[in-house]
Amino acid sequence: MGCAVLLALLLIAGAVVATRRRGRTRDLSGSSGLDAEADANRWVVRLGAGLSALEVRTGAGADGTATQALTDASERLRRARAELATARTAAEYALVTRTAAEGLDHVRIARTSLGLDGAGAEVWRSENGRARRSAQVS
């Protein structure tokens, strides 16, 4: 009889542990988690594209401000990619988005320093503002 009670308690404890683990997995795979992941990935890709386009255009003619801004943007890209690789929650994806937005700020500074800011700058600024708001809400 004692063995049956012990077995029943072990089965109940196992069911509780399994239910809690399944609940955590469901939180991460929900649509909001996937949306946060996709949004963060989009901003990291955008930072990489903006940075690579600038690195091609700059060369020996880049001034100190542009060079420092590109260095800072490259660091943010590296950090955002590392954060994205380990992110699992909406808050972690918001941190990735925030890091990528910081990198895009540095890209904007480099573009301005190089005299490349043109008609597309306003679109970028409105998109970047949206990224910051979504990162702060999460």
Side-chain angles (χ1 to χ4, degrees):
M1 175 99 173
C3 187
V5 171
L6 181 62
L7 181 62
L9 288 174
L10 287 174
L11 287 174
I12 290 171
V16 168
V17 169
T19 302
R20 286 189 179 191
R21 284 189 182 171
R22 198 175 91 217
R24 287 184 192 155
T25 304
R26 189 178 311 135
D27 290 343
L28 297 177
S29 65
S31 64
S32 64
L34 291 177
D35 291 344
E37 180 181 6
D39 193 45
N41 190 47
R42 182 174 70 93
W43 285 104
V44 170
V45 168
R46 185 169 180 148
L47 173 57
L51 189 57
S52 66
L54 273 182
E55 288 176 342
V56 167
R57 291 185 181 194
T58 61
D63 66 354
T65 303
T67 302
Q68 184 60 48
L70 288 173
T71 301
D72 292 341
S74 295
E75 170 59 26
R76 295 313 186 285
L77 178 60
R78 187 198 59 75
R79 188 177 346 145
R81 284 179 175 165
E83 291 169 351
L84 185 61
T86 61
R88 298 292 176 257
T89 66
E92 290 170 336
Y93 288 121
L95 179 62
V96 173
T97 301
R98 196 172 315 127
T99 302
E102 288 174 12
L104 285 168
D105 281 338
H106 290 291
V107 168
R108 182 188 51 79
I109 291 167
R111 288 182 63 79
T112 302
S113 176
L114 294 168
L116 297 175
D117 248 353
E122 291 304 316
V123 173
W124 178 86
R125 286 185 187 111
S126 66
E127 285 287 318
N128 190 23
R130 197 194 90 192
R132 284 191 178 156
R133 282 193 298 278
S134 68
Q136 290 171 353
V137 169
S138 298

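Residue numbers start at 1 and run along the sequence shown.
- For the atom pair H106 NE2 and L51 CG, the distance stands at 11.0 Å (nearest 0.5 Å).
- If you take CG on L47 and OG1 on T97, they are separated by 11.5 Å, rounding to the nearest 0.5 Å.
- Across all their heavy atoms, S113 and A66 have their closest contact at OG-N, 3.5 Å.
- Atom OG1 of T89 and atom CG of L95 lie 9.0 Å apart (nearest 0.5 Å).
- For the pair R81 and L84, the minimum side-chain heavy-atom distance is 4.5 Å or more.
- Using a 4.5 Å cut-off on side-chain heavy atoms (C-beta onward), W43 and L104 make contact.
- Residue T99 holds its OG1 atom at 10.5 Å from CG of L77, rounded to the nearest 0.5 Å.
- For the residue pair G103 and A73, the shortest heavy atom distance occurs at O-CB, 3.7 Å.
- Under a hydrophobic-cluster definition in which Ile, Leu, Val, Met, Phe, Trp and Tyr are linked whenever side-chain heavy atoms come within less than 4.5 Å, directly or via other members, I109 and L114 are assigned to different clusters.
- The minimum heavy-atom distance between Y93 and A87, with the atom names listed, is OH-O, 3.1 Å.
- Residues E83 and E92 are not in side-chain contact: their nearest non-hydrogen atoms beyond the backbone lie 4.5 Å or more apart.
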(request) Verify side-chain hydrogen bond (donor to acceptor under 3.5 Å, both in side chains) between E37 and N41, making sure each step is shown before the conclusion. (result) CA-CA 6 Å; E37 180 181 6; N41 190 47; over 6 Å; no
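- If you take CZ on R42 and CZ on R46, they are separated by 7.0 Å, rounding to the nearest 0.5 Å.
- The two atoms that bring V44 and A80 nearest to each other are CG2-CB, 3.8 Å, heavy atoms only.
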